[in-house]
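Please read the structure below before turning to the comments.
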Amino acid sequence: MATSPRTPLAPWRDPTLDPETRVDALIREMTLKEKIAQLFGVWVGASDEGAEVAPHQHDMEEPVDLDELLPDGLGQLTRPFGTVPVDPALGALSLMRTQRRIVAANRFGIPAVAHEECLAGFAAWGATAYPVPLSWGATFDPGLIREMAAAIGRDMRAVGVHQGLAPVLDVVRDARWGRVEETIGEDPYLVGTLATAYVQGLESAGIVATLKHFAGYSASRAGRNLAPVGMGRRELADVILPPFEMAIRESGVRSVMHAYTDTDGIPSAADDELLTGLLRDTWGFTGTVVADYFGIAFLKTLHGVAGTFEEAAGVALAAGVDVELPTVKTFGGPLLAAVEHGRVPEALVDRAVRRVLLQKAALGLLDPDWTPVPPALANADTTAGADRLRGTVDLDPASNRELAGRIAERAIVLLRNDGTLPLSPDVPLRIALIGPTAEAPTAVLGCYSFPVHVGGQHPDVPLGIELPTLYEALRAEFPAADVVVAAGTGIDDGATEDIAGAVALARGADLVVAALGDRAGLFGRGTSGEGCDAESLSLPGAQGRLLDALLDTGTPVIATLLAGRPYALGRATEEAAAVIQSFFPGESGTAAIASVLSGRTDPSGRLPVSVPRHPGTQPSTYLASRLGHASEVSHADPTPAFGFGHGLTYTTFDWSDLDTGPVEAPTDGAFRLSFTVENTGHRPGTELVQLYLHDPVASVVQPVQRLIGYRRVDLAVGEKKRVGVIVPADLASFTGRDGRRAVEPGALELRLGASSTAPRLTARVTLTGPVRPVDHHRRLHADFLIGPCASHRPRG
């Protein structure tokens, strides 16, 4: 039987050609309008009936007409799952049908990239709510965070999402900033290692990760959201940029989001030295740069560096921004007019659309066998009614919940313990659980979790996931106990009339668990979260007064924080029986806290941010130089109550037998240290070995110390392990007076400690030879080698 000749593929459809050839051929065929259409997104919401998405309206937007836009194509769909509550299966169906419409409407059949938030899990109704990034920091466990991100990515990919707007690599500079909960901590090395692990996990699932916010957002003056940034170039280079550099070098990340802020008068969205000179020309980044929501329009409306939206579009495009999000504002008609009138070169449009289309090619969106049917619906009857599909896609399976629980357990930090903890679950105690977070289901969630970020606007819709309260978790963990509960006060209402009743309850109890903390929200609707900046680090509302009143009862008090930032705890730092710090630990967080209280879980979290002793000493981090520490010439003492890296366990450890090897090395060499860590207590436990560098004399002022390496060491009772560390001289590099990074010769201290405030062993070493310039090819990590000692003996 004769066969008909196969229609040849258009070159951009031919997967046997290299991506650059395919994309260049496509761009040659596109009109200016079609190219520009690939450079913006449209904010939409999926239908809970499985119909096509509907444009989402916002007070910063103008109405969008999809029928008018789609014939030219569309670059992105913004948050189809994260805009309104929608059943996951029906959301996937809605997105699938919309992609079919997009493909059919444009003459090249190019789908849109669908992006979502995924800061503490996929921000969709019914999806797992993992601990927030500040809890990731408390784990000091990149492998665990990589595992979490891969799980998040698989769930996103299953329903048709391509890109995730995470992680946040901002380094905390002022804990009053509302978005501290979204950060990983106050140390750039910790932030870089955990963010890189997150990206590796997300990208392993086929999701485009997005680094944000590039760069300097967290250093805004007075900790105010979207305030100006006034840092110098060395602070930018040595504190803010290293996490981004590490992630770009090591993670395979494919997208970067510019920051909202301006630094020394230059908005990030208009900074070609940052977005092109550094990011692309120096670091070699080849992916897409996307706008933070409305950030290009802000060049006109907030920054005043553009007089019109045409000018704003041209400035951002020239700087290196490729995609406008969340919706079309400046990269549509204004950009088209600017190019047509010769005010913006079309070559800049071609540069951006090439990056966008190369990414779409890598995602398979230009391939002839591409299908809009996501994996979750591959075997479903998508022609059936909505009721047949509803509930068939599970974004919170048991495996996710187990993983969320492991992270939460590992992130809980025991700040203080006078021996009261752990509590036996078999002893019939009367426990008074007192505080405003005791019976609040969402007290474990950050502001970018779906039930808070979106669900709060739909109070009649169920949360979509199980969120056991701390009261429920304690009752389950301590079945022999009589747990009585009272709020005492609200999170931030300042009410004091119920404190007396709470105190009476405490006096009649054997033990008090004070349930304190934050309420996550957006733009003033919470005490933590985007736009919820604090004037001081006192506990919100009347919680400090409640805590003091409970301490006055004489009943042992365990202060328990469910918070988005560290707070000054006043007398509790010295008088509480125990203090437990958790940072919005996610849907399994209350069970994790209960398991630490009972000793079923040994606490192993460490502080990713310092806990202040006084509420008004911000901005302050452990990375301060000598002048940033306490002195006799100022009565304001920034010394923390609990320093960066601090955390107790239920056992004890001994560090000994430091071998420094050769104490001199050239500026292109390395030092080799080894020492023994032994569990000298009566329970298994985890010690966190932290390596800090102290440079006593340098050509520019340095922090007194900074973290350059860490490793978790698990030890059985009586077990010893030998820890070896190879420390490259590159880790001593910093940005000098000339703005270049270099390794200088001279004396150094390599401090091995259990925290920034608990040094255990110190190696005094010297770098020799000339000053050695280094660049973005320098080594970024110390190498840890951990092995057993000759023997270990159990202790009775």
Axial cation check for Tyr198 ring with Lys212, 6.0 Å and 45° limits: no
Approximate separation, where rounding is to 0.5 Å, of His646 NE2 and Gln581 CD: 10.5 Å
Pairing residues for Ser582 by the side-chain contact (heavy atoms from CB on, under 4.5 Å) criterion, not counting sequence neighbours: Ile412, Leu562, Pro585, Ile593
His303 (side chain) donor-acceptor with Tyr260 (main chain) under 3.5 angstrom: yes
Ring geometry between Tyr692 and Phe644 (parallel below 30°, tilted from 30 to 60°, perpendicular above 60°): perpendicular
Val289 versus Gly320, closest heavy-atom pair with distance: CB-O, 3.4 Å
Counterpart residues, side chain to side chain donor-acceptor pair (under 3.5 Å), relative to Thr639 (two or more places apart): Asp637
Polar side-chain atom of Arg565 near backbone of Thr527 as donor-acceptor pair, under 3.5 Å: yes
Residue pairs fulfilling salt bridge (charged side-chain N to carboxylate O under 4.0 Å, His left out) with at least one residue in residues 178-193, sequence neighbours excluded: Arg179-Glu182, Arg179-Glu530
Under 3.5 Å: donor-acceptor pair, side chain of Thr276, backbone of Glu273: no
Residues forming a side-chain contact (heavy atoms from CB on, under 4.5 Å) with Ala120, sequence neighbours excluded: Val132
Test item: His213 side-chain N/O and Met257 main-chain N/O as donor-acceptor pair under 3.5 Å: no
Parallel, tilted or perpendicular: ring planes of Phe140 versus Tyr710, cut at 30 and 60 degrees: perpendicular
Partner set under side-chain contact (heavy atoms from CB on, under 4.5 Å) for Asp548, not counting sequence neighbours: Leu551, Arg571
Counterpart residues, side-chain contact (heavy atoms from CB on, under 4.5 Å), relative to Ser135 (two or more places apart): Pro131, Ala411, Phe583
CD1-SG distance between Ile152 and Cys118, expressed to the nearest 0.5 angstrom: 6.0 Å
Distance, nearest 0.5 Å, that separates OG of Ser255 from CD of Gln163: 4.5 Å
Any donor-acceptor N/O pair, Asp238 side chain to Thr735 backbone, under 3.5 Å: yes
